Amino acid sequence: GKIAVISAMGSIGTDQDELVNSALASAIRGAHRVNREGTTGTIAATTTGREDEDEDGTNEVVMVERFVLIGNTDRVRRLTRRVSFLKGYAAGKDEAESSLRECFGSRGCIIKPSFIYGG
């Protein structure tokens with residue numbers, strides 16, 4: 001089976017922003033590893049909460065076909081790099097976006113709104 005991952009994960013304004021936002025890079029690399037090495041629905045169930053079992057009772061190979069993440073515009077990113085309490089946020093997002101481009105290429109998508117307010 002093929003799945004898509006959409007991540008709006010992020011943290012802003014805490015002392016853990018870089019750690020939280022760069023954790024998305026780890027998730028991207030993990031999805032890439034699944035694609036490269038393959039896995040079955042049974043293994044994927046431990047991370048996705050579901051098992052992909054064919055009608056004959058065998059497990060099918062699960063692949064992450066697309067990975068979409070929420071970033072922000074270049075203008076916002078430049079601003080966050082200059083504001084001291086937002087630097088960790090920017091560094092983590094930079095790492096996640098870089099990992100997405102490296103691991104998924106054209107199968108990755110970065111949606112870049114300006115600011116998202118709320119929580």
Side-chain angles (χ1 to χ4, degrees):
K2 295 183 178 180
I3 59 174
V5 175
I6 300 173
S7 174
M9 182 179 91
S11 171
I12 194 165
T14 74
D15 61 350
Q16 298 294 312
D17 289 345
E18 185 171 357
L19 178 66
V20 171
N21 292 307
S22 65
L24 181 53
S26 296
I28 292 164
R29 289 189 296 269
H32 177 66
R33 188 171 44 258
V34 165
N35 289 350
R36 190 179 64 240
E37 297 172 6
T39 186
T40 63
T42 303
I43 296 169
T46 63
T47 58
T48 64
R50 66 184 181 90
E51 186 166 333
D52 295 331
E53 193 171 281
D54 290 339
E55 292 175 8
D56 64 0
T58 61
N59 289 322
E60 63 180 293
V61 174
V62 176
M63 300 221 26
V64 179
E65 184 175 24
R66 301 244 182 238
F67 205 115
V68 179
L69 67 86
I70 307 298
N72 41 45
T73 64
D74 294 337
R75 182 178 180 199
V76 170
R77 191 63 56 83
R78 283 191 306 272
L79 171 70
T80 59
R81 287 185 191 118
R82 291 192 314 252
V83 177
S84 62
F85 77 93
L86 296 175
K87 286 182 181 179
Y89 167 83
K93 287 290 190 177
D94 287 341
E95 183 179 351
E97 290 181 12
S98 176
S99 292
L100 183 69
R101 285 188 293 276
E102 178 184 325
C103 294
F104 280 87
S106 64
R107 294 179 302 115
C109 177
I110 304 168
I111 298 172
K112 294 185 171 192
S114 53
F115 278 111
I116 298 175
Y117 180 77

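The structure displayed is predicted, hence computed values, not measured ones. Along the sequence shown, residues are numbered consecutively beginning with 1.
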Check ring pair (Phe, Tyr, Trp, His ring centres under 6.0 Å) between Tyr89 and all other residues, then give those that pass, not counting sequence neighbours.
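Result, ring pair (Phe, Tyr, Trp, His ring centres under 6.0 Å) vs Tyr89: none returned.
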
Decide yes or no for Ile111 and Pro113: does some side-chain heavy atom of the first lie under 4.5 Å from some side-chain heavy atom of the second?
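Result yes, sub-4.5 Å side-chain heavy-atom pair found.
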
Quick check: do Asn21 and Ile12 have side-chain heavy atoms less than 4.5 Å from each other?
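With C-beta onward as the side chain, the pair stays apart.
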
Which pairs count as salt bridge (charged side-chain N to carboxylate O under 4.0 Å, His left out) when at least one residue sits in residues 13-25, sequence neighbours excluded?
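For residues 13-25, and leaving out neighbouring residues, there are no salt bridge (charged side-chain N to carboxylate O under 4.0 Å, His left out) pairs at all.
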
Inter- and intrachain pairs under salt bridge (charged side-chain N to carboxylate O under 4.0 Å, His left out), touching residues 19-34, at least two apart
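Sorted pair list: Arg29-Glu95.
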
Treating Ile, Leu, Val, Met, Phe, Trp and Tyr as nodes and any side-chain heavy-atom pair under 4.5 angstrom as an edge, say whether Phe85 and Leu19 lie in one connected cluster.
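Result: no, two separate clusters.
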
Only counting residues at least two apart or in another chain, list the ones meeting side chain to side chain contact (heavy atoms under 4.5 Å, CB included) with [X].
X: Glu102; answer: none
X: Arg101; answer: Glu97, Ser98, Ile110
X: Asp74; answer: Arg78, Lys112
X: Ala90; answer: Arg77, Thr80, Arg81

With rounding to the nearest 0.5 Å, note down the distance linking [atom1] in [X] to [atom2] in [Y].
X: Ser7; Y: Leu24; atom1: OG; atom2: CG; value: 4.0 Å
X: Ile70; Y: Ile6; atom1: CD1; atom2: CD1; value: 8.0 Å
X: Asn35; Y: Arg107; atom1: CG; atom2: CZ; value: 5.5 Å

Quick check: are there more than 12 heavy atoms from other residues, nucleotides or ligands sitting under 6.0 Å from CZ of Arg75?
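Atom CZ in Arg75 is not crowded, with 12 or fewer foreign heavy atoms closer than 6.0 Å.
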
Summary of ring pair (Phe, Tyr, Trp, His ring centres under 6.0 Å) pairs that have at least one residue in residues 61-83, sequence neighbours excluded
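Sorted pair list: Phe67-Phe104.
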
